[in-house]
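Before any comments, here is the structure.
In this text, all values refer to a predicted model and were calculated from it rather than measured experimentally.
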Amino acid sequence: IAYLDGVIDGLRAQDYSQAAALPAALGSLSEGVAATKGGVDGLVGLLTGQIAYLDAISASNGEVLDRASALAAASPDATTTALVAGLTRQRMMLTALRDGDADLGLPMGLADTRDSLQEVSAGLGEIAAGLRATAEGAAPLAELPVRFGALASALETLRDGGAVAGRTMPGLVTSSAGLAGVASGISAAGDGVGAAGEGLAMLSELPEMLGELRSTLLALEDGGEVAGTYLPGVSTTAEALGEASSGLLGGLNDAEFGKEVVELMEDDVGGYDTFLGKPEGATGDVRFVFKFDAVRKAEE
């Protein structure tokens with residue numbers, strides 16, 4: 001009972017609301033990660049378009065550079081030479097913007113950035129899927145407060161008693177009190193039988209029988225060995241308690257009957273003061289009775 005008190009108090013004292021909210025929180029987090037993945041995918045798409053546009057500009061720049069180079073070769077002057085140099089620098093910048101150039105201060109180009117974002121998108125997708133699976137697996141946690149509340153109620157019924165499957169069940173508290181009463185009653189019956197056994201000491205067999213009966217009753221009370229067989233204590237079931245109560249009443253009645261037998265026999269014995277007769281006016285007292293074999297004539 002003391003152990004149940006501690007378990008029930010522990011169940012009632014815990015706050016399971018956070019654990020119950022965990023599946024919903026994981027679901028919301030999964031949705032947030034999925035939304036972030038969608039944003040990253042949008043950036044990947046934007047960069048893909050920019051790279052395509054940049055490739056088109058680079059192709060146009062290449063055509064113009066080729067013509068400018070041909071013109072400068074045919075008519076070399078300051079104008080054509082400057083035009084070729086400018087178009088060449090523009091091609092280098094377009095290439096660095098697309099693929100990166102550490103010397104120009106662009107360690108990562110648009111293509112590298114897009115590839116990195118694609119990897120981030122794939123990772124976010126795995127995280128979102130993992131969070132969804134975790135949320136689904138943690139769904140039973142939402143019922144945690146109800147389940148632990150039901151467990152605490154069941155343990156309280158076990159301790160205090162209550163209705164179970166349409167039947168009233170006594171609790172451990174009631175069973176404990178009932179067993180204490182039965183044990184006390186059995187002890188009283190054993191003491192009564194022991195007193196009767198002492199009063200019947202003049203009989204040759206009854207004291208031993210009553211002593212065995214008392215030992216049996218004590219074995220029934222706490223458990224013990226009777227006639228070479230170990231007996232358990234009184235059963236805790238309602239049926240066993242009822243039978244023990246009936247048997248206890250009979251045992252007490254038998255004990256009282258034994259006392260009456262002792263008293264009657266003592267009264268009868270007190271009336272005997274001689275077996276062979278005594279002279280008138282003499283007194284007598286019977287102390288011992290001996291039984292001998294019959295006296296026979298010796299054979300010749």
Side-chain angles (χ1 to χ4, degrees), residues 1-39 122-189 217-226 229-251:
I1 292 172
Y3 177 76
L4 282 179
D5 289 340
V7 174
I8 293 170
D9 291 342
L11 290 174
R12 294 297 190 193
Q14 293 295 328
D15 181 12
Y16 304 102
S17 58
Q18 294 183 353
L22 183 60
L26 290 174
S28 299
L29 183 58
S30 174
E31 294 175 359
V33 173
T36 303
K37 179 182 182 302
L124 290 174
E126 293 178 359
I127 293 173
L131 289 173
R132 282 195 301 271
T134 304
E136 293 174 358
L141 292 177
E143 302 178 4
L144 201 62
V146 176
R147 295 294 180 87
F148 276 107
L151 177 59
S153 298
L155 293 177
E156 287 171 347
T157 301
L158 177 63
R159 181 190 64 187
D160 304 326
V164 177
R167 299 179 61 184
T168 300
M169 183 185 74
L172 293 178
V173 175
T174 302
S175 299
S176 175
L179 286 174
V182 171
S184 177
I186 291 179
S187 296
L217 290 174
L218 292 176
L220 288 175
E221 176 189 356
D222 299 321
E225 185 173 344
V226 177
T229 302
Y230 180 81
L231 296 179
V234 176
S235 171
T236 59
T237 62
E239 179 181 356
L241 289 176
E243 294 177 357
S245 298
S246 299
L248 173 60
L249 179 59

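Surrounding CZ of Arg12 are more than 12 heavy atoms belonging to other residues, nucleotides or ligands, all under 6.0 Å away.
Looking only at distances, no side-chain donor or acceptor of Ser30 sits under 3.5 Å from a matching main-chain atom of Leu26.
In this structure, the separation between CG on Leu29 and CG on Leu22 is 10.0 Å, given to the nearest 0.5 Å. The OG1 atom of Thr36 lies 9.5 Å from the CD1 atom of Ile127; values are rounded to the nearest 0.5 Å. Taking OG of Ser28 as the reference point, atom CG of Leu131 lies at 10.5 Å (rounded to 0.5 Å).
What you find for Ile8 and Arg159 is that their closest heavy atoms are CD1-NH1, 3.8 Å. Closest approach of Ala138 and Pro23 over heavy atoms only: O-CG, 2.8 Å.
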